[in-house]
Amino acid sequence: MQHVYVENLRDHVGSVVTLKGWLYNRRSKGKIHFLQLRDGTGIVQVVMVAGQVPQEQFEAASSLGQESSIIVRGLVKEDARAQGGYEIDGQDLVIVSPAHDYPIQKKEHGPDFLLDHRHLWLRSRKQVALMRVRSAVIFALRSFFDRRGFVNMDAPIFTPNACEGTSTLFAVDYFEETAYLTQSGQLYGEAGAMALGKIYTFGPTFRAEKSKTRRHLTEFWMLEPEVAYADLNDIMRLAEDMLSEVVAEVLARRAPELEILERDTSSLKRVQAPFPRVTYDEAAKILAEEGTGFVYGNDLGAPDETAISKRFDRPVMVTHWPADIKAFYMKRDPADPTKVLGCDVIAPDGYGEIIGGSQREDDLALLEQRIAHEKLPKEAFEWYLDLRRYGSVPHAGFGLGLERLVAWISGTEHVRECIPFPRTIYRMRP
RNA sequence: UCCCCGAUAGCUCAAUCGGCAGAGCGAGCGACUGUUAAUCGCUAGGUUGUUGGUUCGAUUCCAACUCGGGGAGCCA
């Protein structure tokens with residue numbers, strides 16, 4: 001007798017197996033119970049017929065509440081009438097722990113109620129599928145970088161100062177000194193690239209901005225590759241290869257989950273490098289035609305990003321941004337010093353900016369000027385300037401927002417469902 | 001910080017012009033041998049977010065507050 005998972009039932013047709021899980025739903029009709037057992041890998045229907053199981057088990061099942069933990073032994077059968085194609089002829093039922101009045105019903109709920117019950121909401125069919133997609137995305141990203149010889153070298157989460165000097169940071173008491181939760185691992189990633197050639201950091205990132213949109217979290221996961229001896233074009237190719245391979249792998253490995261999530265995969269199948277590229281100036285022309293109210297010189301707003309992405313059938317790369325609206329470490333374009341060698345990748349279907357990257361300023365004097373111009377505390381950046389004093393090389397990298405990527409691939413409206421326990425401006429419980 | 005919207009049973013929502021607080025689901029009890037959010041019958045379930053105002057009378061109109069949702073800005 002072996003304990004099998006629902007996702008492997010096809011290998012056990014005709015055998016008697018033991019399944020361990022929770023009661024997802026029960027439909028009882030007189031002398032027959034239909035128990036839907038979920039175990040995290042899937043849901044299967046268990047049929048219990050009176051007279052074919054011990055009488056006390058049949059009666060116990062008739063009052064069994066949703067999410068009761070149960071162990072079932074039964075015969076695996078193929079049955080066209082069952083969802084998923086397989087069914088269990090129940091022979092024995094053990095109630096591990098009965099549950100009553102489970103708060104989340106099999107009906108629609110509002111976001112407030114569901115987020116208050118996030119610890120239980122995670123058991124729902126779509127949320128399970130979403131977490132499995134998220135896990136597959138992370139695995140695909142890590143294996144992509146591993147295949148290409150990158151070393152995972154994570155950045156610290158406590159930092160002594162702002163990385164980019166713009167966003168509002170979360171301050172914490174650090175032994176009578178103020179520390180901040182990191183908003184980016186990039187500067188540390190640059191140190192790693194000078195040590196190891198090509199690295200990526202992957203960890204939680206914190207922004208204390210009071211953003212209230214479906215694309216924002218105060219705590220999110222960011223993956224940031226950084227490559228020595230690389231220019232803007234190198235990391236643009238890296239970004240489009242990464243997205244293409246990750247999307248293909250998730251399509252191949254998580255098709256059932258994407259179906260549960262009702263994701264139309266036809267647009268994902270078109271996600272293949274190379275991606276269309278437009279400069280900021282070209283994007284501004286498109287926006288003038290579209291009449292979005294875009295003002296030249298500003299950053300792209302969410303409606304601007306959507307208008308541009310609608311012109312193409314795959315992610316779009318926008319390059320050569322005005323230096324004034326970008327971070328101090330981005331390298332100026334030699335052909336036009338008002339622009340920087342930066343690149344944002346905009347996902348289709350209104351999911352917005354999923355990647356922001358650039359070639360980094362590698363000239364010590366120019367970087368010192370930029371730090372002075374931005375009125376940043378130079379002493380805090382001395383270690384960073386050392387990277388230019390001792391063997392500076394052209395280098396580049398980007399940051400990928402994991403939850404935005406997962407939201408796009410899974411077709412989820414809001415990024416808060418794409419992380420197990422979302423942290424937003426008005427919500428940090430449970 | 002700004003703009004818009006919302007709060008009524010455990011959940012999702014309704015309540016006409018300001019006039020007795022309603023339904024479905026869930027829960028409890030009962031019926032049913034193929035249900036797919038099963039169906040059918042019965043029962044219980046309410047300080048209408050809080051405070052104040054207008055009124056003979058407020059779930060309904062007004063104000064403030066609290067909590068939440070969507071968006072802007074900022075960003076991934």
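Below, each value reflects all heavy atoms present in this structure, side chains not excepted, and no hydrogens, waters or symmetry copies. Chain naming here is simple, since letters A, B, ... match the order of the sequence lines and numbering starts at 1 in each. Note that the coordinates shown come from a computational prediction; the quantities given were computed from them, not determined experimentally.
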Could you state the atom-to-atom distance from [atom1] of [X] to [atom2] of [N] in whole Å?
X: A:Arg27; N: B:U33; atom1: CZ; atom2: C1'; answer: 15 Å
X: A:Lys29; N: B:C40; atom1: NZ; atom2: P; answer: 13 Å
X: A:Lys31; N: B:G30; atom1: NZ; atom2: P; answer: 12 Å
X: A:Glu403; N: B:C75; atom1: CD; atom2: P; answer: 19 Å
X: A:Met317; N: B:A76; atom1: CE; atom2: C1'; answer: 15 Å
X: A:Leu37; N: B:U35; atom1: CG; atom2: P; answer: 21 Å
X: A:Leu243; N: B:A76; atom1: CG; atom2: P; answer: 15 Å
X: A:Arg214; N: B:A72; atom1: CZ; atom2: P; answer: 8 Å

Exercise. Where does RNA chain B pair, written as one dot-bracket string 5' to 3', with Watson-Crick or G-U pairs under 3.5 Å, ( ) inside the strand, [ ] for crossing pairs and | for another strand?
Worked result: (((((((..((((.....[..)))).(((((.......))))).....(((((..]....))))))))))))....
Nearest-angstrom distance, [atom1] atom, [N] to [M]:
N: B:G6; M: B:U16; atom1: P; value: 15 Å
N: B:A7; M: B:C13; atom1: C1'; value: 12 Å
N: B:C20; M: B:C5; atom1: P; value: 28 Å

Which nucleotide in [options] has an atom nearest any side-chain atom of [X]:
X: A:Glu353; options: B:A76, B:G68, B:G34; answer: B:A76
X: A:Ile32; options: B:U12, B:U33, B:C75; answer: B:U33
X: A:Gln45; options: B:U1, B:U35, B:A76; answer: B:U35
X: A:Glu87; options: B:U12, B:G73, B:U35; answer: B:U35

Exercise. Taking only side-chain nitrogens and oxygens of A:Lys212, does any of them come within less than 4.0 Å of OP1 or OP2 of B:G71?
Worked result: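 No, outside the criterion.
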For this session: Any pair with a residue in residues 50-101 of chain A that passes ring pair (Phe, Tyr, Trp, His ring centres under 6.0 Å), sequence neighbours left out, goes on the list, sorted by first then second residue, please.
Result: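 Checked against ring pair (Phe, Tyr, Trp, His ring centres under 6.0 Å) - neighbours excluded - the pairs reaching residues 50-101 of chain A are A:His33-A:Phe58.
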For this session: State which residues pass ring-ring contact (aromatic ring centres under 6.0 Å, His included) with A:Trp121; sequence neighbours excluded, sorted by chain then number.
Result: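 Applying ring-ring contact (aromatic ring centres under 6.0 Å, His included) to A:Trp121 gives none.
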For this session: Could you check A:Val47 against A:Pro103 and say which one's nearest nucleotide on RNA chain B is further toward the 5' end?
Result: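 Upstream on the strand: A:Pro103.
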Problem set entry | 5' precedence on RNA chain B between A:Arg81 and A:Phe113 (nearest-nucleotide basis) |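 Its nearest nucleotide being more 5', the pick is A:Phe113.
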Counting any heavy atom closer than 4.0 Å, what does [X] reach on the DNA or RNA strands: base, sugar-phosphate only, or nothing?
X: A:Asp344; value: nothing
X: A:Ser28; value: base
X: A:Ala302; value: sugar-phosphate
X: A:Ile354; value: sugar-phosphate
X: A:Gln36; value: nothing

Exercise. A:Tyr296 and A:Tyr280: aromatic ring centres closer than 6.0 Å?
Worked result: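 Ring-ring flag for A:Tyr296/A:Tyr280: true, centres closer than 6.0 Å.
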Exercise. Is there a donor in the side chain of A:Thr41 and an acceptor in the side chain of A:Asp39, or the other way round, less than 3.5 Å apart?
Worked result: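 Side chains of A:Thr41 and A:Asp39: pair found under 3.5 Å.
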For this session: Using distance alone, with no hydrogens and no angle criterion, decide if A:Glu190 and A:Tyr329 have a side-chain donor and acceptor under 3.5 Å apart.
Result: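 No, A:Tyr329 and A:Glu190 have no side-chain donor paired with an acceptor closer than 3.5 Å.
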Detail all sub-3.5 Å separations between protein N/O atoms and N/O atoms belonging to nucleotides 25-27 of chain B.
from	atom 1	to	atom 2	distance (Å)
B:C25	O2'	A:Gln105	OE1	3.4
B:C25	O2	A:Gln105	OE1	3.3
B:G26	O4'	A:Gln105	OE1	3.3

Exercise. Under the salt bridge (charged side-chain N to carboxylate O under 4.0 Å, His left out) test, which residues partner A:Arg142, sequence neighbours left out?
Worked result: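 Not a single residue meets the salt bridge (charged side-chain N to carboxylate O under 4.0 Å, His left out) criterion with A:Arg142.
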Got a sec, which residues hit side chain to side chain donor-acceptor pair (under 3.5 Å) with [X], two or more places apart in sequence or on another chain?
X: A:Arg134; value: A:Glu403
X: A:Glu108; value: none
X: A:Asp101; value: none
X: A:Asp92; value: A:Gln57

Problem set entry | Contact list for RNA chain B against residues 215-228 of chain A - heavy-atom distance below 4.0 Å |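 Within residues 215-228 of chain A, the residues near RNA chain B are A:Arg215, A:His216, A:Leu217, A:Phe220, A:Met222.
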Exercise. Tell me, which of residues 413-430 of chain A have any heavy atom that sits under 4.0 Å from an atom in RNA chain B?
Worked result: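 Result for residues 413-430 of chain A: A:His414, A:Arg416, A:Tyr426, A:Arg427, sorted by number.
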Exercise. How far apart are the closest heavy atoms of A:His395 and A:Ala228, and which atoms are they?
Worked result: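 That would be CB-CA, 3.8 Å.
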For this session: Answer yes or no: is there a donor N or O on one side and an acceptor on the other, between the side chain of A:Arg254 and the main chain of A:Leu130, under 3.5 Å?
Result: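 No; judged by distance alone, with no hydrogens or angles, the pair does not exist.
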For this session: For the pair A:Thr412 (side chain) and A:His414 (backbone), establish whether a donor and an acceptor sit closer than 3.5 Å, ignoring hydrogens and angles.
Result: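 It does not hold such a pair.
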For this session: Assess whether one donor atom and one acceptor atom, taken from the side chain of A:Ser211 and the base of B:C74, lie less than 3.5 Å apart.
Result: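 Check passes, donor-acceptor contact within cut-off.
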For this session: Determine, step by step, whether A:Lys310 and A:Glu290 satisfy the salt bridge (Lys or Arg N to Asp or Glu O under 4.0 Å) criterion, reporting the C-alpha distance in whole Å, the side-chain angles of both residues, the deciding distance to 0.1 Å, and the verdict.
Result: CA-CA 11 Å; A:Lys310 277 189 178 156; A:Glu290 298 283 338; over 6 Å; no
For this session: For A:Pro422, check side chain to side chain contact (heavy atoms under 4.5 Å, CB included) against everything at least two apart and list the hits.
Result: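 Residues passing side chain to side chain contact (heavy atoms under 4.5 Å, CB included) with A:Pro422: A:Leu115, A:Arg118, A:Leu217, A:Arg416, A:Ile419.
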Problem set entry | CA sep, side-chain torsions, deciding dist, call: A:Glu289, A:Lys285, salt bridge (Lys or Arg N to Asp or Glu O under 4.0 Å) | CA-CA 6 Å; A:Glu289 292 170 20; A:Lys285 279 180 198 148; over 6 Å; no
